[in-house]
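Beneath this line is the structure, given in structure tokens, with notes to follow.
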Amino acid sequence: MAATALLAGALTVLAGTPASAATCYGTAKSYKSSLYDNGWFWYGSAYPSTTSNCYDINVKPTNGRVQVRTCFLPVNASGYCNGWRTIENNTWGTAATDVLDGTKFYLNFGGSSAGLVAY
């Protein structure tokens with residue numbers, strides 16, 4: 001009986017995952033990187049802040065494979081960037097994981113890129 005209860009609990013957790021992803025990706029915004037000061041960047045009209053919609057910063061390029069890293073702008077510290085990540089065309093990938101809600105950030109690309117970003 002204990003094994004059955006554990007299995008039922010595991011299925012409940014797994015069943016919740018697609019709904020969370022749907023909520024996150026359902027709030028995605030279009031992006032297009034811009035060339036600025038010898039780099040390709042996206043930050044919209046102002047630096048975006050992460051939300052409770054997603055645990056991660058997710059990118060889905062629609063014009064080819066992309067190299068991307070996330071640069072964070074903490075309130076009481078110096079800004080910093082994570083490592084480069086490769087995301088395949090038309091596939092959701094994580095540019096940063098487990099980001100606190102309300103964190104300001106921008107995306108740095110290895111070249112011109114367009115697609116969707118969910119945070």
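The structure displayed is predicted, hence computed values, not measured ones. This chain uses plain numbering: 1 for the first residue, then up along the sequence.
With hydrophobic clusters built from ILVMFWY side chains whose heavy atoms lie under 4.5 angstrom apart, Tyr43 does not share a cluster with Leu107. Under a hydrophobic-cluster definition in which Ile, Leu, Val, Met, Phe, Trp and Tyr are linked whenever side-chain heavy atoms come within less than 4.5 Å, directly or via other members, Phe109 and Leu35 are assigned to the same cluster.
Listed for the Thr91 side chain is a donor-acceptor partner under 3.5 Å among the backbone atoms of Asn89. Of the possible polar contacts, one joining the Thr50 side chain to the Leu100 backbone as a donor-acceptor pair under 3.5 Å is found. No donor-acceptor pair closer than 3.5 Å links the side chain of Asn53 to the backbone N or O of Thr27.
When the ring-ring contact (aromatic ring centres under 6.0 Å, His included) test is applied to Trp40, no partner is found at least two apart in sequence or on another chain. Scanning for ring-ring contact (aromatic ring centres under 6.0 Å, His included) contacts around Tyr106 gives Phe41, Tyr47, with sequence neighbours left out.
Between Tyr25 and Asn58 there is a side-chain heavy-atom pair separated by less than 4.5 Å. For the pair Ile57 and Val117, the minimum side-chain heavy-atom distance is below 4.5 Å.
Of all heavy-atom pairs spanning Cys54 and Asp101, the tightest one is O-OD1, 4.4 Å.
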Taking distance alone, no hydrogens or angles, what donor-acceptor pairs closer than 3.5 Å link side-chain atoms of residues 66-81 to residues at least two apart or in another chain?
| residue | atom | partner | partner atom | Å |
| --- | --- | --- | --- | --- |
| Gln67 | NE2 | Thr86 | OG1 | 2.4 |
| Arg69 | NE | Asn108 | OD1 | 2.9 |
| Arg69 | NH2 | Asn108 | OD1 | 3.1 |
| Thr70 | OG1 | Ala95 | O | 3.1 |

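Atom OG of Ser113 is separated from atom NZ of Lys32 by 10.5 Å, given to the nearest 0.5 angstrom. With rounding to the nearest 0.5 angstrom, the OG1 atom of Thr94 is 6.5 Å from the CD1 atom of Ile87.
Between Trp42 and Tyr119, the ring planes are tilted. Angles from 30° to 60° get that label.
By the 6.0 Å contact criterion, CZ on Arg65 is open, its count of non-hydrogen atoms from other residues, nucleotides or ligands being 12 or less.
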After noting the C-alpha distance and the side-chain angles of Asp98 and Asp56, does the key distance pass the side-chain contact (heavy atoms from CB on, under 4.5 Å) rule? CA-CA 5 Å; Asp98 297 325; Asp56 305 324; 4.1 Å; yes
